[in-house]
Amino acid sequence: METCRIEFVNQNVTVEAKRGKTLLEVEIEAGFMPDAPCGGKGTCGKCKVKANGKTVSACQCLIQEDMTVVMKEKEKGEQILLFGASRPVEFWPGIIPYEVERPLLAAVDLGSTSIVAYLLDGENGKLLGTRSMLNPQRQYGADVVMRSSYALENGAEALSSCAREAVNTLLREAACESGRSREEIVRVVMVGNTCMHHLFLEIPTDTLVLAPYEPKVKEAVAMRADQCGLMVHPAARLLWLPNIGGFVGADTVGCMLAAGFDELDELTLLVDIGTNGEMVLGDRRGMTACSTAAGPAFEGAKITCGMRGGEGAIDHVWLEGEKLKYHVIGGVEPVGICGSGLLDAAACFLKMGFMDSSGKLSETWYFTPKVFINQKDMRELQLAKAAIAAGIYLLCRHRGVSLDEIKKVQLAGAFGNYLNPASACAIGLVPRELEERICSVGNAAGMGAQIAAVNTDEFERGKKLAARTEFLELAMDPEFQDAYVDELEFPEGGED
């Protein structure tokens with residue numbers, strides 16, 4: 001088949017590409033891991049490049065001739081959350097039936113946005129090193145629905161292999177930095193949402209995108225690590241904590257394990273806010289979990305000037321008198337705005353009267369001539385916050401409790417770690433009554449994975465936690481749509 005010569009100027013790379021392919025496909029094949037939050041649908045505008053002097057969306061540009069391509073610079077210094085709230089546990093790894101003089105253990109949090117690997121001493125459980133990177137699957141779409149759909153249409157191999165390669169890279173780097181070899185790793189415990197779990201294990205995702213949205217596998221997984229292509233000790237075991245249901249996966253179980261949810265005396269609400277919002281409400285007497293599709297607005301995707309929390313991102317916005325002030329990560333000129341900054345800005349707009357409760361802006365707000373928030377961005381935020389707020393309301397209704405009965409709100413994940421609780425309540429993302437009860441627990445999923453790696457009894461406890469947790473499928477709840485519509489409104493003036 002006839003090919004064209006594609007020269008990527010910034011990367012100093014030239015490749016041959018088949019006519020009819022998109023430029024985005026060529027970038028992926030070349031290993032550049034481009035951002036494509038919309039999954040190549042042409043709706044987000046994040047994959048723009050200069051091709052033969054013209055600015056085009058790479059996903060919509062068909063290869064028909066030789067090209068000289070200038071890709072945009074990668075975002076620098078992305079903030080990947082490594083640690084979070086946890087609890088001390090006894091080192092009890094159980095039997096390690098391998099002839100390894102100095103065994104190593106590993107825990108991996110396979111998130112939709114980022115991947116974090118933890119290297120642990122197999123003789124005492126001490127943390128030896130941590131490595132992280134952005135999830136390369138983002139080139140196939142920002143959210144789990146897009147990636148599941150891609151896997152259904154094109155096969156899961158590309159998504160599975162890039163995630164496995166990323167985990168191998170992180171384990172190798174963590175071992176090297178500690179002066180060790182990844183071949184000494186005899187156990188790997190992993191967590192991730194249900195979609196990440198299925199894609200990593202190459203389990204079909206069709207039931208995740210079709211009603212009633214059930215995972216193919218809920219049970220904990222124990223298998224040889226080399227069956228998933230992990231380059232560790234030849235006889236090493238790979239363990240996944242169980243899934244609860246729908247899109248409430250092993251990462252939520254990891255968060256619950258880190259918090260010791262089954263021993264909590266006070267009614268607690270756990271919320272992990274990302275492209276998919278997972279929530280658990282309960283205590284030692286019982287737990288109910290649900291998930292809601294918030295979309296990628298909180299992580300900067302689908303926002304015109306949106307970006308992840310890295311150098312150049314506006315991450316906090318506040319009012320000084322009548323003037324709007326903002327902070328930029330890295331102290332440089334702003335190049336975009338991340339989720340926490342967008343949340344703050346919305347709260348300020350409401351207080352200023354620049355935006356009404358319907359979400360209507362007076363006009364586009366410019367931080368700089370190139371960084372702004374427009375009406376479309378506010379609508380994206382509205383949709384995302386309504387999904388989370390409706391989920392909280394329906395969890396309370398289902399368990400028959402009032403907001404006053406919730407004594408603690410744990411916000412997990414990167415967005416939950418960096419957001420301002422006052423702003424979250426001002427826009428109605430979290431009920432105002434709960435503001436003083438909010439605390440951040442950071443990357444609790446990663447902490448739970450470590451706990452399960454160093455103590456085999458805790459891994460078993462995770463299995464029991466999942467089995468005890470009732471799953472509420474909001475998509476099938478007849479009241480969800482009404483609750484969602486009700487929560488689309490912003491509080492008047494940023495107050496309830």
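As a basis for the values below, the full set of heavy atoms in this structure was taken, side chains included, without hydrogen atoms, waters or symmetry mates. When a residue number appears, it is its place in the shown sequence, counting from 1.
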Distance-only, no hydrogens or angles: does the [X] side chain make a donor-acceptor pair with backbone N or O of [Y] under 3.5 Å?
| X | Y | answer |
| --- | --- | --- |
| Tyr118 | Leu82 | yes |
| His398 | Leu394 | no |
| Lys407 | Asp404 | yes |
| Glu90 | Trp92 | no |
| Asn154 | Tyr150 | yes |
| Thr268 | Glu266 | yes |
| Glu184 | Ser181 | yes |
| Ser160 | Leu199 | yes |
| Arg187 | Pro103 | no |
| Arg131 | Ala117 | no |

Nearest 0.5 angstrom please: [X] [atom1] to [Y] [atom2], how far?
| X | Y | atom1 | atom2 | result |
| --- | --- | --- | --- | --- |
| Lys385 | Leu343 | NZ | CG | 10.5 Å |
| Asp283 | Phe261 | CG | CZ | 8.0 Å |
| Asp315 | Cys338 | CG | SG | 5.0 Å |
| Leu104 | Leu119 | CG | CG | 5.0 Å |
| Asp251 | Thr194 | CG | OG1 | 7.5 Å |
| Glu487 | Leu429 | CD | CG | 10.0 Å |

Test log, rule side-chain contact (heavy atoms from CB on, under 4.5 Å), inputs Cys38 and Lys46: CA-CA 8 Å; Cys38 70; Lys46 301 292 185 182; over 6 Å; no

Tell me whether the count of non-hydrogen atoms from other residues, nucleotides or ligands lying under 6.0 Å of [atom1] in [X] goes above 12.
| X | atom1 | value |
| --- | --- | --- |
| Lys216 | NZ | yes |
| Glu157 | CD | no |
| Glu165 | CD | no |

Check against side-chain contact (heavy atoms from CB on, under 4.5 Å), Val221 and Met223: CA-CA 7 Å; Val221 171; Met223 60 193 297; 3.7 Å; yes

Whether Trp240 and His197 hold their rings parallel, tilted or perpendicular, with breakpoints at 30° and 60°: perpendicular

Does any part of the side chain of [Y], heavy atoms only, come nearer than 4.5 Å to the side chain of [X], both counted from C-beta?
| X | Y | result |
| --- | --- | --- |
| Asp121 | Ser178 | no |
| Glu214 | Leu208 | no |
| His233 | Arg182 | no |
| Leu270 | Met279 | no |
| Phe471 | Val248 | yes |
| Phe83 | Met447 | yes |
| Leu264 | Arg284 | no |
| Met307 | Val335 | yes |

By salt bridge (charged side-chain N to carboxylate O under 4.0 Å, His left out) - contacts of Arg397 (at least two apart):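 Partners of Arg397 by the salt bridge (charged side-chain N to carboxylate O under 4.0 Å, His left out) criterion, ordered by chain and then number, come out as Asp477, Glu479.
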
With sequence neighbours excluded, residues passing salt bridge (charged side-chain N to carboxylate O under 4.0 Å, His left out) with Arg164: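 Arg164 satisfies salt bridge (charged side-chain N to carboxylate O under 4.0 Å, His left out) with Glu202 once adjacent residues are dropped.
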
Tell me the closest heavy-atom pair linking [X] and [Y], and the distance in Å.
| X | Y | result |
| --- | --- | --- |
| Ala258 | Ala85 | CB-O, 3.8 Å |
| Leu474 | Phe480 | O-CB, 3.3 Å |
| Asn193 | Ser112 | ND2-OG, 2.8 Å |
| Ser148 | Cys195 | OG-SG, 3.2 Å |
| Gly442 | Asn417 | CA-OD1, 4.0 Å |
| Asp226 | Pro234 | OD2-O, 3.3 Å |

Electrostatic pair [X]-[Y], nearest N-O below 4.0 angstrom:
| X | Y | answer |
| --- | --- | --- |
| Asp35 | Arg308 | yes |
| Lys302 | Asp377 | no |
| Arg172 | Glu177 | no |
| Lys464 | Asp262 | no |
| Glu433 | Arg437 | no |
| Glu458 | Arg87 | yes |

Test side-chain contact (heavy atoms from CB on, under 4.5 Å) applied to Val116 and Ile80, step by step: CA-CA 8 Å; Val116 185; Ile80 296 178; 3.9 Å; yes

Between Ser291 and Glu278: side-chain donor-acceptor atoms closer than 3.5 Å: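 Their side chains do not contain a donor-acceptor pair, so the 3.5 Å distance test is not met.
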
Arg379 side chain to Gln382 side chain, donor-acceptor N/O pair below 3.5 angstrom: yes

Intermediate values then yes/no, side-chain contact (heavy atoms from CB on, under 4.5 Å), Val191 and Val253: CA-CA 8 Å; Val191 298; Val253 177; over 6 Å; no

Passing candidate, side-chain contact (heavy atoms from CB on, under 4.5 Å) with Cys228, options Val188, Val167, Leu201: Leu201

From CA spacing to verdict: side chain to side chain donor-acceptor pair (under 3.5 Å), Asp344, Ser423: CA-CA 5 Å; Asp344 285 347; Ser423 296; 2.6 Å; yes

